[in-house]
Amino acid sequence: MPASDDGQADEPDDGDPHYLDHRNRLRRRFLDRGPDSLEDYELLEMVLFAVSPRRDVKPLAKLLIRTFGDLWGVVNAPPERLRGLKAEGVSLGTDNAVAAVRIVGAAALRALQQRVIDRPVLASWQALIDYCSAAMSHEPTEQFRLLFLDRKNTLIADEVQQRGTVDHTPVYPREVVKRALELSASAVILVHNHPSGDPTPSRADIEMTKEIVRAANAIGLIVHDHLVIGKGGRHTSFKAQRLL
């Protein structure tokens with residue numbers, strides 16, 4: 001009886017377990033009717049097929065959705081939180097198992113990034129919002145991201161400048177300006193997340209933005225906007241709220 005990647009022995013070959021037919025049905029539905037025909041946990045099941053080739057992975061898929069809230073939360077969860085999660089004898093107990101889950105999130109995020117990098121940002125604003133939300137909405141701590149643009153408002157660099165705590169990120173205006181000069185950037189978009197999920201700017205957010213704008217004005221750097229990313233696709237634009 002061979003062992004599977006999760007460290008557990010596979011089912012014997014005598015008589016296919018019921019869930020093997022279930023796997024075939026999921027694959028056929030996915031290919032014939034598309035991903036919208038599957039629930040989130042069913043899509044996750046298909047990812048987990050590689051983790052445990054001959055065991056029922058549905059209980060683990062449902063546990064992961066419950067633990068991390070949604071499919072995006074699962075595939076972007078920190079490795080240390082994924083590792084060791086187990087249901088019905090199937091676990092994420094190896095590097096291979098954890099990587100199989102996280103590679104889905106990495107590939108999706110890379111695809112979203114490629115929709116905005118080297119392209120005029122102001123003409124594809126929703127794509128930028130989608131990317132920032134995907135990259136930051138599930139971060140457990142605050143991070144401060146800088147999107148640098150050239151004279152044609154093409155995105156030339158996407159960088160996380162600082163990482164902070166659950167409710168604060170230290171930001172240094174001089175570092176923003178210094179990096180803009182190094183990149184020969186003409187404009188910048190500020191982005192940070194609120195792990196609480198509420199994208200309402202705090203008084204500290206507003207004051208920090210004013211400091212960055214003052215420093216940017218000194219070198220002719222345009223601050224197009226400051227986006228605060230919450231959860232569930234929620235975000236706040238300083239420009240839209242007339243805070244900039």
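The analysis underlying the following values was restricted to heavy atoms, covering all of them including side chains, and did not include hydrogens, waters or symmetry mates.
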Report yes or no: do [X] and [Y] belong to one cluster of Ile/Leu/Val/Met/Phe/Trp/Tyr joined by side chain heavy-atom distances under 4.5 Å?
X	Y	result
Leu92	Trp72	yes
Leu43	Val51	yes
Tyr172	Ile219	no
Leu243	Ile212	yes
Val101	Phe30	yes

Under 3.5 Å, which donor-acceptor pairs do the side chains of residues 59-68 form with other protein atoms, sequence neighbours left out?
| from | atom 1 | to | atom 2 | distance (Å) |
| --- | --- | --- | --- | --- |
| Thr67 | OG1 | Leu63 | O | 2.8 |

Side-chain donor-acceptor distances from residues 220-231 under 3.5 Å, at least two apart:
| from | atom 1 | to | atom 2 | distance (Å) |
| --- | --- | --- | --- | --- |
| His224 | NE2 | Asn153 | OD1 | 2.9 |
| Asp225 | OD1 | Ser237 | OG | 3.2 |
| Asp225 | OD1 | Phe238 | N | 3.1 |
| Asp225 | OD1 | Lys239 | N | 2.9 |
| Asp225 | OD2 | Ser237 | OG | 2.6 |
| His226 | ND1 | Thr209 | OG1 | 2.7 |
| His226 | NE2 | His192 | ND1 | 2.9 |
| Lys231 | NZ | Pro195 | O | 2.5 |

What distance separates [X] [atom1] from [Y] [atom2], expressed to the nearest 0.5 Å?
X	Y	atom1	atom2	answer
Arg25	Glu42	CZ	CD	10.0 Å
Arg55	Leu48	CZ	CG	14.0 Å
Arg234	Ile129	CZ	CD1	14.0 Å
Asn193	Ser133	CG	OG	10.5 Å
Phe49	Arg27	CZ	CZ	5.0 Å

Would His22 and Lys58 count as a side-chain contact (heavy atoms from CB on, under 4.5 Å) if you check the C-alpha gap in whole Å, the side-chain angles of each, and the deciding distance to 0.1 Å?
CA-CA 10 Å; His22 171 66; Lys58 183 187 293 184; 3.8 Å; yes

Would you list the atom pairs, donor with acceptor, under 3.5 Å between side chains in residues 102-123 and any protein atom, with sequence neighbours excluded?
| from | atom 1 | to | atom 2 | distance (Å) |
| --- | --- | --- | --- | --- |
| Arg102 | NH1 | Ala77 | O | 2.6 |
| Gln113 | NE2 | Tyr131 | OH | 3.3 |
| Gln113 | NE2 | Asp158 | OD2 | 3.2 |

Among all residues two or more places apart in sequence or in another chain, which pass the side chain to side chain donor-acceptor pair (under 3.5 Å) test with [X]?
X	answer
Asp130	Gln126
Asp150	none
Glu207	none
Ser124	none

The test is side-chain contact (heavy atoms from CB on, under 4.5 Å); show your working for Val176 and Gln161 and say whether it passes.
CA-CA 8 Å; Val176 177; Gln161 189 203 44; 3.6 Å; yes

Residues 32-40, side-chain donor-acceptor partners within the protein, below 3.5 Å, at least two apart:
| from | atom 1 | to | atom 2 | distance (Å) |
| --- | --- | --- | --- | --- |
| Ser37 | OG | Arg29 | O | 3.4 |
| Ser37 | OG | Gly34 | O | 2.7 |

Could you tell me whether a side-chain N or O of Asp205 sits under 3.5 Å from a main-chain N or O of Ser202, the two making a donor and an acceptor?
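Yes.
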
Return yes if some donor-acceptor pair links the side-chain N/O of Arg145 with the main-chain N/O of Met136 below 3.5 Å, else return no.
no

Do [X] and [Y] have side chains that get closer than 4.5 Å, going by heavy atoms?
X	Y	answer
Leu190	Phe144	yes
His138	Asp70	yes
Leu147	Ile156	no

Any donor-acceptor N or O pair under 3.5 Å, side chains Ser196, Asp198:
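Note: Ser196 and Asp198 side chains miss the donor-acceptor criterion.
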
Applying salt bridge (charged side-chain N to carboxylate O under 4.0 Å, His left out), name anything that partners Glu45, two or more places apart in sequence or on another chain.
none

Apply salt bridge (charged side-chain N to carboxylate O under 4.0 Å, His left out) to Glu211 and list each qualifying residue two or more places apart in sequence or on a separate chain.
none

Quick one: list whatever passes side chain to side chain contact (heavy atoms under 4.5 Å, CB included) with Asn217, sequence neighbours left out.
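Once residues adjacent in sequence are excluded, the partners of Asn217 under the side chain to side chain contact (heavy atoms under 4.5 Å, CB included) criterion are Val213.
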
Set out, in order, the CA-CA distance, both residues' side-chain angles and the distance that settles side-chain contact (heavy atoms from CB on, under 4.5 Å) for Leu44 and Val57, then state yes or no.
CA-CA 9 Å; Leu44 189 53; Val57 297; over 6 Å; no

Output every pair passing salt bridge (charged side-chain N to carboxylate O under 4.0 Å, His left out) with a member in residues 178-191, not counting sequence neighbours, ordered by first then second residue.
Glu159-Arg179, Arg179-Glu182

